[in-house]
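Step one of this worksheet: look at the structure below.
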Amino acid sequence: MLFSTMNKSNRFRMSSFKIFYLMFNQRNIHELTCRFAVVLLLTCQCLADDGYEMDDFLKREYSLTKPYQGLGSSSSSYWDLMGNAMITTEHVRLTPDLQSRQGAVWSRVPCFLRDWELQVHFKIHGHGKKNLNGDGMALWYTKERMQIGPVFGNMNLFTGLGVFVDTYPNENKNHEKKYNPSTQRVFPYVSGMVGNGTLAYEHDRDGQSTELGGCTALVRNIPHDTFLLIRYTKNRLTIQIDVDGKQEWRDCLDLPGVRLPQGYFFGASSVTGDLSDNHDLISMKLYQLTVERTQEEEEEEELIPSVDNFEHLNKVEVQEEGMSGVQLFFTIVFSVIGIFVLGVVAVVMYGRWKENSRKRFY
């Protein structure tokens, strides 16, 4: 009714306003759609450039990346250097390619995340021959920090998790052999261990008695990047490697029932002995994982590092071998001789006893 009473001029203005309004809305919708498409395209491109990045969950206070500004003696630093470790523009060199060196880098901030994933970019290289290099490096999530020792530059009897990149087979003393027949391993070798403060890493046996599992990882003098991933979620420990230049993770260890307390420190260490290598840490990136938990799981609290059925994992069944024919023959012969000697001794002793008994009656 109101529109019908308007004059032609007003009706023209109203119609023009409606047309402008509709065109403006359509333009806005089109513009928003274009912007959304551009943002989506850029996001996909970023993810495609580096399939390992999850910036939304990256915890920078537990991560070590270029240009390593949070590393050093400053009170605002998140990380400490130790031993022969040094900072360059491209990496943190834990040990140089020189004999008898050890170095480490340790986080100052304890980690209270329940579920996490640590991605490590590293490089091991040197001038030594194919099997004349050592000794390797280790990644840590432990109660103790900044402790020099014999386990890849860190203390023995540690409390927490150690992941070892072992480049030299100590149990096999023949340097010309890369294959160790006694352990059925090919080195370099990646393995994991959980310590409770009383469990010792056996250096001379390459930690076999305490190993949770592992895999071969040919990481030395490789022309492409090498990565290692450690994931801990819902009491499950997973270790994966990417050392083939394919940007694909390969399974190395997957073990449930691993119980690690919160509030421990991340670190990396390395050591050289008579043999040496450059052990370079390029980055350590820690990501927080979002995991759904039951009420019972939320209330769980681990106080001491442990692994379910650990004794079963390290139990070695030894089958007794049967005796050969020669062994059986000599066993029977010596048994007969032994019985004969005992019989003679018994007869002699009995004779003497009877003779002594007669003398008492005279």
Taking the side chain as every heavy atom from C-beta outward, state whether Leu161 and Trp140 have any pair of such atoms under 4.5 Å apart.
no
Partner of Asp115 under salt bridge (charged side-chain N to carboxylate O under 4.0 Å, His left out), picked from Arg293, Arg231, Lys234, is Arg293
Tell me whether His224 at atom NE2 has more than 12 heavy atoms from other residues, nucleotides or ligands lying less than 6.0 Å away.
yes
Does a side-chain heavy-atom distance below 4.5 Å link Phe227 with Val243?
no
Is there a side-chain contact between Asp242 and Arg250, using heavy atoms and a 4.5 Å cut-off?
no
Can you tell me how far the CG atom of Leu218 sits from the CD1 atom of Ile241, to the nearest 0.5 Å?
8.5 Å
Do we see a donor-acceptor contact under 3.5 Å between the side chains of Thr210 and Glu202?
no
Listed by chain and number, what are the salt bridge (Lys or Arg N to Asp or Glu O under 4.0 Å) partners of Glu61, not counting sequence neighbours?
none
Measuring from Ser77:OG to Tyr68:OH, what's the distance to the nearest 0.5 Å?
15.0 Å
Measuring from atom NZ of Lys123 to atom CD1 of Ile282, what distance do you get when rounded to the nearest 0.5 angstrom?
7.0 Å
Give a yes-or-no answer on whether the side chains of Asp206 and Asn170 include a donor-acceptor pair shorter than 3.5 Å.
yes
Among pairs that include at least one residue of residues 257-274, which meet salt bridge (Lys or Arg N to Asp or Glu O under 4.0 Å), considering only residues two or more places apart or in two chains?
Arg259-Glu302, Arg259-Asp308
Check the pair Gln102 / Ser270 against side-chain hydrogen bond (donor to acceptor under 3.5 Å, both in side chains), numbers first and verdict last.
CA-CA 6 Å; Gln102 59 182 353; Ser270 178; over 6 Å; no
Polar contact flag, side-chain donor to acceptor under 3.5 angstrom, Asp277-His127:
no
Side-chain contact, heavy-atom cut-off 4.5 Å: Leu199 with Phe310?
yes
Audit row: Asp280, His125, side-chain hydrogen bond (donor to acceptor under 3.5 Å, both in side chains) steps and yes/no
CA-CA 8 Å; Asp280 298 338; His125 58 104; 2.8 Å; yes
Above 12 or not: heavy atoms from other molecules or residues under 6.0 Å from CD of Glu298?
yes
Which distance, rounded to the nearest 0.5 Å, do you find between the CD1 of Ile87 and the CZ of Arg93?
13.5 Å
Set of residues satisfying salt bridge (Lys or Arg N to Asp or Glu O under 4.0 Å) with respect to Arg145, sequence neighbours excluded:
Asp80
Quick one: does Val163's side chain get under 4.5 Å of Ser191's, heavy atoms only?
no
Taking the six-membered ring for Trp and the single ring otherwise, decide whether the centroids of Phe164 and Phe152 are under 6.0 Å apart.
yes
Sorted by first residue and then second, give each disulfide (SG to SG under 2.5 Å) pair with at least one member in residues 185-214; sequence neighbours left out.
none
Is a side-chain donor-acceptor pair under 3.5 Å present for Gln295 with Glu297?
no
Can you tell me how far the CD atom of Gln147 sits from the CG atom of Leu157, to the nearest 0.5 Å?
12.0 Å
Hydrogens and angles aside, do Asn154 and Ser269 bring a side-chain donor and acceptor to less than 3.5 Å of each other?
no
What residues, two or more places apart in sequence or in another chain, satisfy salt bridge (Lys or Arg N to Asp or Glu O under 4.0 Å) together with Asp225?
none
Verify side-chain contact (heavy atoms from CB on, under 4.5 Å) between Val105 and Leu64, making sure each step is shown before the conclusion.
CA-CA 10 Å; Val105 57; Leu64 182 63; 4.1 Å; yes
What residue among Tyr287, Phe266, Phe57, Tyr264 forms ring pair (Phe, Tyr, Trp, His ring centres under 6.0 Å) with Trp116?
Phe266
Tell me every residue that passes salt bridge (Lys or Arg N to Asp or Glu O under 4.0 Å) with Asp166, counting only those two or more places apart in sequence or in another chain.
none
If the threshold is 4.0 Å, N to carboxylate O, is there a salt bridge linking Arg236 and Asp254?
yes
Can the ring centroids of Phe265 and Trp79 be said to lie less than 6.0 angstrom from one another?
no
More than 12 heavy atoms of other groups within 6.0 Å of Ile304 CD1:
no
Would you compute the distance between atom CE of Met146 and atom OG of Ser107 and round it to the nearest 0.5 angstrom?
11.0 Å
Between Tyr78 and Gln69, do the side chains contain a donor N or O and an acceptor N or O under 3.5 Å apart?
no
